[in-house]
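Quick notes on the structure that follows.
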Amino acid sequence: MNGAALRLGRLFNRRSRRSFIVAFDHGTSFRVSPEVGKPVEVLQNIVAGEPDGVLISPGMLQQAAHLFAFRGAPVPILRADWTVLDERMRDLGEHYRVLCTPRDALALGAGAMVMYLIMGPEEGHMFADNVQAIAKAAHEARSVGMPLIVEATLWGSRMEDRKDPDLLAYCCRIAAEIGADAIKTEYTGDPNTMADVIEGCAVPV
């Protein structure tokens, strides 16, 4: 077992092999209403709920590292990239950028990192660059023992159905093949087709 596998294992219940992870990285790509509350206070409430992990941006982890600094704390899972998701910014076109490296994630205290794989953008080079960025991160992550979770999506503008079971299975398989240690993806809406997505992937989904 390597360091990445050891750290990834901390996210899962030993008996059920399941994991409950809360997403708190939306502020990187969406407008979050002030009515939700102060970010660090909201995060404090999330941590108090004792999830297994929390998806979090680099800046937020830097500001709120103290909330994870105790035995039994949730695992901070660092959002290492960015894309345009807010509909009000769609006129900017489709873009993808890497925000930090596995070594950066390790230095911030993350127990894992997560990156998007976005299938079906208008420009083919964006998908190619996205695949290359994940493959590079997977190689670097192994060298520092950082688990890489890939969020496999059908969010590209050419995709008509963002929950197409066949395409989701394809996207998840690509993610696993280029080095993901685990997959985060959409629920297809049907247990049987979701089972097919999971069965076709060699890493946890």
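Nothing fancy with the numbering, it's 1 onward along the sequence.
Hydrophobic clustering (side-chain heavy atoms under 4.5 Å, transitive across Ile, Leu, Val, Met, Phe, Trp, Tyr) keeps Leu61 apart from Ile21.
Taking Thr188 as the reference, Thr193 meet the side-chain hydrogen bond (donor to acceptor under 3.5 Å, both in side chains) condition, with sequence neighbours excluded. Listed by chain and residue number, nothing satisfies the side-chain contact (heavy atoms from CB on, under 4.5 Å) test with Ala65 (two or more places apart in sequence, or in another chain). By the side-chain hydrogen bond (donor to acceptor under 3.5 Å, both in side chains) test, Trp82 is found to be paired with no residue, residues two or more places apart in sequence or in another chain being considered. Arg88 meets the side-chain hydrogen bond (donor to acceptor under 3.5 Å, both in side chains) test with Asp86; sequence neighbours excluded.
For the pair Asn13/Arg17, no side-chain contact is recorded, criterion being any heavy-atom separation below 4.5 Å from C-beta on. Taking the side chain as every heavy atom from C-beta outward, Val114 and Leu78 never approach each other to under 4.5 Å. Proximity of Ile56 to Ile77: side-chain heavy atoms (C-beta onward) are nowhere separated by under 4.5 Å.
Sorted by first then second residue, the salt bridge (charged side-chain N to carboxylate O under 4.0 Å, His left out) pairs that include residues 53-75, not counting sequence neighbours, number zero. Sorted by first then second residue, the salt bridge (charged side-chain N to carboxylate O under 4.0 Å, His left out) pairs that include residues 184-193, not counting sequence neighbours, are Glu151-Lys184.
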N/O donor-acceptor pairs under 3.5 Å from side chains in residues 139-149, not counting sequence neighbours:
unit_1	atom_1	unit_2	atom_2	d
Ser143	OG	Glu140	O	2.6

Could you list the donor-acceptor pairs under 3.5 angstrom formed by side chains in residues 161-180, with sequence neighbours left out?
unit_1	atom_1	unit_2	atom_2	d
Asp161	OD1	Lys163	N	2.9
Asp164	OD1	Asp166	N	3.0
Asp164	OD1	Leu167	N	2.9
Arg173	NE	Glu177	OE2	2.7
Arg173	NH2	Glu177	OE2	3.1

Show which side-chain atoms of residues 33-55 pair as donor or acceptor with protein atoms under 3.5 Å away, not counting sequence neighbours.
unit_1	atom_1	unit_2	atom_2	d
Ser33	OG	Glu35	N	3.1
Asp52	OD2	Phe20	N	2.7

Would you mind writing out the side-chain donor-acceptor pairs for residues 125-138 within the sub-3.5 Å range, not counting sequence neighbours?
unit_1	atom_1	unit_2	atom_2	d
Asn130	OD1	Ile118	N	2.9
Asn130	ND2	Tyr116	O	2.9

Give every donor-acceptor pair under 3.5 Å between a side-chain atom in residues 22-31 and any protein atom, sequence neighbours left out.
unit_1	atom_1	unit_2	atom_2	d
Asp25	OD2	Arg79	NE	2.9
Asp25	OD2	Arg79	NH2	3.2
Thr28	OG1	Asp25	O	2.9
Ser29	OG	Thr83	O	3.0

Pairs of donor and acceptor atoms involving the side chains of residues 103-113, under 3.5 Å and at least two apart or interchain, shall be tabulated with distances.
unit_1	atom_1	unit_2	atom_2	d
Asp104	OD2	Thr101	N	3.0
Asp104	OD2	Thr101	OG1	3.1

